[in-house]
Amino acid sequence: MKQLWLGVAVLLVLLALGIWLTVAMDGLHGEIKQEMTQAAEAAIREDWATARTCAGKARDQWQRHRRFAAALLDHGPLEETDALFAELEVYDKRRMAADFAAVCALLAQQAE
């Protein structure tokens, strides 16, 4: 009987941990999605200061939480996200608004 309750306790701990991780990842990715959406809209208006600020916030947040995400997620999408952020820098330097906005939209979709 003790083994049954021990098993139930372990399952409850795993369930609570899974719920907590889901909420934490949703919060992180939700903020990145919001910043990237704002950056895309600003780029379309060619408001480069706002676009750069929003994209920078999203990138900083991504870098701060990348190790945490890498421990939980598949590495393919993580590497793709890193590549998209690198692409974003090129479009920012060349002031290519349509391409910048498109990559921002891709990053927002990836975060979702």
Side-chain angles (χ1 to χ4, degrees):
M1 191 66 165
K2 285 184 182 182
Q3 292 174 342
L4 172 70
W5 291 114
L6 181 62
V8 169
V10 168
L11 288 175
L12 288 174
V13 167
L14 289 174
L15 176 66
L17 183 62
I19 291 170
W20 178 78
L21 288 172
T22 300
V23 170
M25 292 304 289
D26 282 346
L28 166 66
H29 289 128
E31 291 175 27
I32 291 173
K33 179 187 173 206
Q34 181 181 1
E35 290 293 337
M36 294 313 300
T37 302
Q38 289 175 357
E41 292 169 358
I44 293 296
R45 293 188 315 265
E46 295 200 19
D47 179 4
W48 287 103
T50 303
R52 191 175 295 120
T53 301
C54 291
K57 285 179 186 177
R59 184 181 182 114
D60 290 345
Q61 197 164 30
W62 172 250
Q63 291 297 329
R64 276 195 312 271
H65 299 288
R66 190 184 189 294
R67 284 189 176 183
F68 177 68
L72 302 173
L73 302 174
D74 182 26
H75 289 282
L78 297 178
E79 291 173 6
E80 186 178 335
T81 300
D82 288 336
L84 288 172
F85 273 117
E87 236 180 277
L88 202 59
E89 288 180 22
V90 173
Y91 297 140
D92 178 27
K93 287 179 184 175
R94 295 186 179 183
R95 301 280 173 118
M96 299 171 73
D99 295 319
F100 187 93
V103 171
C104 286
L106 284 172
L107 283 165
Q109 183 181 18
Q110 186 116 5
E112 188 177 352

(request) Quick one: do Thr53 and Trp48 satisfy side chain to side chain contact (heavy atoms under 4.5 Å, CB included)? Show the steps, please. (result) CA-CA 8 Å; Thr53 301; Trp48 287 103; over 6 Å; no
(request) Answer yes or no: does atom CZ of Arg64 have more than 12 heavy-atom neighbours from other residues, nucleotides or ligands under 6.0 Å? (result) yes
(message) According to side chain to side chain contact (heavy atoms under 4.5 Å, CB included), who are the partners of Glu31, at least two apart in sequence or on a separate chain?
(response) Gln61
Per-pair distances, 0.1 Å, donor-acceptor, side chain in residues 91-108, under 3.5 Å, sequence neighbours excluded:
residue	atom	partner	partner atom	Å
Tyr91	OH	Glu87	OE2	3.4
Asp92	OD1	Arg52	NE	3.3
Asp92	OD1	Arg52	NH2	3.1
Asp92	OD2	Arg52	NE	3.1

(request) List for me each residue that meets salt bridge (Lys or Arg N to Asp or Glu O under 4.0 Å) alongside Lys57, sequence neighbours excluded, and say none if there are none. (result) none
(request) Please identify each residue that fulfils salt bridge (Lys or Arg N to Asp or Glu O under 4.0 Å) with Glu89, with sequence neighbours left out. (result) Arg59
(request) Provide the closest heavy-atom pair for Glu35 versus Ala58 in the form atom of the first, atom of the second, distance. (result) CB-CB, 3.8 Å
Under 3.5 Å donor-acceptor pairs involving side-chain atoms of residues 5-25, not counting sequence neighbours:
residue	atom	partner	partner atom	Å
Thr22	OG1	Gly18	O	2.8

(message) Rounded at 0.5 Å granularity, tell me how far CZ in Phe85 sits from CD in Gln110.
(response) 9.5 Å
(request) Hey, could you give me the NZ/CE distance between Lys33 and Met36, rounded to the nearest 0.5 Å? (result) 12.5 Å
(request) Return each pair, listed once, that meets salt bridge (charged side-chain N to carboxylate O under 4.0 Å, His left out) where at least one residue sits in residues 36-45; pairs must be two or more places apart or across chains. (result) Arg45-Asp47
